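Note that these values count all heavy atoms, side chains included, but never hydrogens, waters or copies made by symmetry. The model shown is predicted, which means the values in this text are computed figures rather than measured ones. Nothing fancy with the numbering, it's 1 onward along the sequence.
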Amino acid sequence: MSSLYLMIGALCCFALAYRYYAAFIAAKVLMLDDRNIAPSVSCNDGQNFVPTNKWVVFGHHFAAIAGAGPLIGPVLAAQYGWGPGFFWILLGSVFAGCVHDMIILFASYRHQGQSLSVIAEKDVGKITGGVTAVVILFIIIVALAGLGVAVVNALFNNPWGVFSIAMTIPIAMCVGVYMFKIRPGAILSGSIAGFILVIAAVLVGPYIADSSLASWFTFSKKEVSVLLPVYGFCAAAIPVWLLLAPRDYLSTFMKIGVIAALAIGLLFVNPMIKMPITTQFINGGGPIIPGPWWPYVFITIACGAISGFHALIGSGTTPKMIEHETEITMIGYGAMLTEAFVAIMALISAVTLNPTDYFAINTSAAVYAKLKMTVIDLPVLSQLVGLDVAHRPGGAISLAVGMAHIFANVGEGLRHTMKYWFQFIIMFEALFILTTIDAGTRVARYILQDILGYAYKPFGRKDWIPGTVVCSALVSSAWGYLLFTGDISSIWPMFGATNQTLSALALAIGTTIILKIGRKKIYALITFIPCAFVTVTTFAASIMNTQTYLAKNMLLNAWLSIGITVLVVIIIADNARVWVKLLKTDKPIGMNVDRDVVYCAEISPYAPPDARP
C-alpha cells in the first residue's frame with residue numbers, strides 16, 4: 001500500500017479537527033476573551049514572565065512538547081504493525097491530546113501562569129494540589145530520563161552529530177541576545193541568521209569528524225549520559241530569553257521544515273509500506289516491547305497522540321509568555337496537531353523500511369539472533385550513511401535511516417548525499433529532545449521550588465537565585481541518575497505509563513474546571529471520556545510493568561510505578577468528589593476566585609492598573 005494514503009488522510013482529519021472542534025471548544029466551552037490580561041503582562045519580570053510574539057511562543061511550545069515521543073514512540077510501536085499506531089495517533093490527538101493541551105494551557109493562563117499543582121489545589125482541593133505536585137515531580141524525572149535515552153544512543157561515538165548539536169547552543173544564545181536585547185522584536189533577521197548558522201553546523205560536521213578535533217566530540221554512552229543532565233542544569237538556571245526561547249524557536253523552523261520536506265519527498269518517492277497492518281507480535285512477545293498491543297501501543301506512542309508531559313509545559317513556561325488569551329487555540333490545539341503529524345511521518349519512515357532491517361536496527365545483536373531473520377538492505381544503508389546502524393535500539397537511528405532513505409531517493413543524484421541527510425536528521429531528533437529537556441528541567445525546577453517553598457518561603461520565589469541553582473541541580477541529578485543506570489527497555493515503558501498517567505490526571509482536573517465554568521455540564525464529556533480511557537489503559541500498563549520489574553529485580557522502577565499509580569488514584573478520587581458537588585449546581589461558579597493572592601515576581605511598570613493582581 002502507498003504511504004500517501006496515510007499522510008493525506010491524516011492531513012484531512014487534522015484540518016477538519018482544527019477548523020471545527022478546536023473552534024467549538026474555544027467559543028462554547030472555554031469562551032476565550034482577550035479582555036483577560038495575560039500573566040506575561042501583569043507579572044512581567046523580564047526573566048520568566050515575558051510577553052512574546054505568538055509565533056515565537058508557538059515555536060517554543062511546539063519545540064518543548066514535541067520531544068522524543070512523536071519521533072521515537074511511533075517507530076517503536078511499528079513492532080505491532082502500522083495499523084494500531086496510525087489509528088491511535090489520528091483519534092487520540094484529535095479527541096484527547098489536543099483537548100488536554102488546550103484546556104490545561106487555558107487554566108494556567110487564568111491562574112496567572114501557575115503550575116498544574118497550584119491549579120489543582122485552587123480548583124479541586126489541598127489534597128489533590130499537594131499530591132499532584134509530588135506525582136508531577138516523579139513523572140517529569142522519569143520522562144526526562146526516557147527522552148535522554150534516545151539522545152545517548154544517537155550521539156555516542158558520533159563526533160559529527162555531537163559537534164552539530166553543541167553548536168546550536170552558542171548560536172541560539174547569540175540569536176537570543178540579538179532578538180531580545182540588541183534589536184528587540186527583530187524576528188525575521190534573527191531567524192534567518194540562526195537558521196543559516198544551524199545548517200552550517202551540519203555541513204561543517206564531517207570535516208570536524210575527519211580532523212584531529214574529532215576526539216573533542218567523541219564520547220561513550222556513559223559520558224553522554226553525564227553530559228546531558230549537566231546541560232539540563234545549565235539550561236534550567238539561565239533566563240528563558242537567552243537560550244530556551246530562541247533555540248526552541250529556531251529548532252521549530254527546522255522541525256516543521258524537515259517534516260514538510262519529508263511530506264514533499266513522499267509525494268515524489270511514493271514509498272510502499274512494507275510493514276503489515278499487524279505483525280505476529282500483536283498479542284505480545286515482541287523483541288522491542290514485550291507486552292501486547294493493548295495497553296502498550298497507547299503508552300509507547302507517548303506524545304504523538306496524548307502526553308501528560310504537555311501539561312507541564314502548558315502550565316509551566318508557555319502561559320508565562322502568551323500575550324493574548326485567544327492565542328491559546330493556535331498554541332494549545334494547533335501545536336499538538338502539528339506534533340501528531342510529526343508522529344505520522346515518523347511512523348511512515350519506520351514502516352517503509354524492510355521489517356527485517358527495522359528489527360535489526362531496533363534490537364540488540366543477541367535478541368535479533370533469536371528472531372532468525374536476515375537483513376536485506378542494512379549493509380548498504382550503513383555504507384551510505386557512513387555509520388554502522390545495526391543494533392542501536394531506541395528508535396532514533398531507524399527513524400533517521402528511514403527519513404534519510406526517502407530524501408536520498410527523491411532523485412538518483414541525491415543518493416550519495418544520504419550521509420548528510422542522516423546526520424541532519426540526527427540533529428533534528430536531538431534538537432527535539434534537547435528542547436524538551438530545556439523546558440522539562442525548568443518546569444520541574446518550578447515545581448520543586450513550589451514544594452520547598454512551603455518549608456522555606458524564599459524557595460517559592462522564581463527570581464531567588466540560590467533557589468534556582470539548588471533546585472535545578474537536584475532535578476538534573478535525579479533524572480541523570482536514572483539515565484546513567486538504565487536503558488531503553490527499562491526506562492521507556494515506565495516513561496510511557498507514567499507520562500500517560502499524568503495526562504489522565506490533567507484530564508481529570510480539566511473536567512473539574514469545565515464543570516466549574518461551562519454553561520452546560522455536558523461539555524465536561526470532552527475531557528471525561530478520554531480521561532476514563534487513558535486511566536484504565538495506563539493502570540493496566542503499570543500493573544504489567546510492575547510485574548516485569550519485579551521479575552527482573554528492578555525494585556526502584558517497580559516502587560516508582562506502584563507509588564505513582566496509588567497517588568493518581570487518590571487524585572482522581574478527590575476530583576470525583578468535587579464532580580458530584582459541581583453536577584448539583586445550576587450555574588457556572590467560575591475558577592480562580594482568589595486571584596488577588598497569586599504571587600507575581602514583579603509587576604511591569606507598563607502594566608495597566610487593572611492588570612495588577
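- Dense packing is recorded around OH of Tyr523, with more than 12 heavy atoms of other residues, nucleotides or ligands lying under 6.0 Å away.
- A donor-acceptor pair under 3.5 Å is formed between the side chain of Thr585 and the backbone N or O of Leu582.
- Using a 4.0 Å cut-off between charged side-chain N and carboxylate O, Arg110 and Glu325 make a salt bridge.
- Between the side chains of Thr527 and Thr511, at least one donor N or O lies within less than 3.5 Å of an accepting N or O.
- Using a 4.5 Å cut-off on side-chain heavy atoms (C-beta onward), Phe309 and Ile65 make no contact.
- For Tyr21, the OH atom sits in a packed shell: over 12 heavy atoms of surrounding residues, nucleotides or ligands are nearer than 6.0 Å.
- For an aromatic pair to be called close, the ring centres must be under 6.0 Å apart, and Tyr333 with Phe106 fails this.
- Judged by distance alone, the side chain of Asn499 and the main-chain N or O of Ser307 form no donor-acceptor pair under 3.5 Å.
- Ring geometry for Phe58 against Phe62 counts as parallel: the plane angle stays under 30°, on a 0 to 90° scale with 60° as the upper cut.
- Crowding of Ile522 atom CD1: a count of heavy atoms from other residues, nucleotides or ligands under 6.0 Å not exceeding 12.
- You'll find the ring centres of Tyr296 and Tyr80 outside the 6.0 Å limit.
- Heavy atoms of other residues, nucleotides or ligands lying less than 6.0 angstrom from CG of Leu32 number more than 12.
- Side chains of Leu105 and Ile322 form a contact here, defined as non-hydrogen atoms less than 4.5 Å apart.
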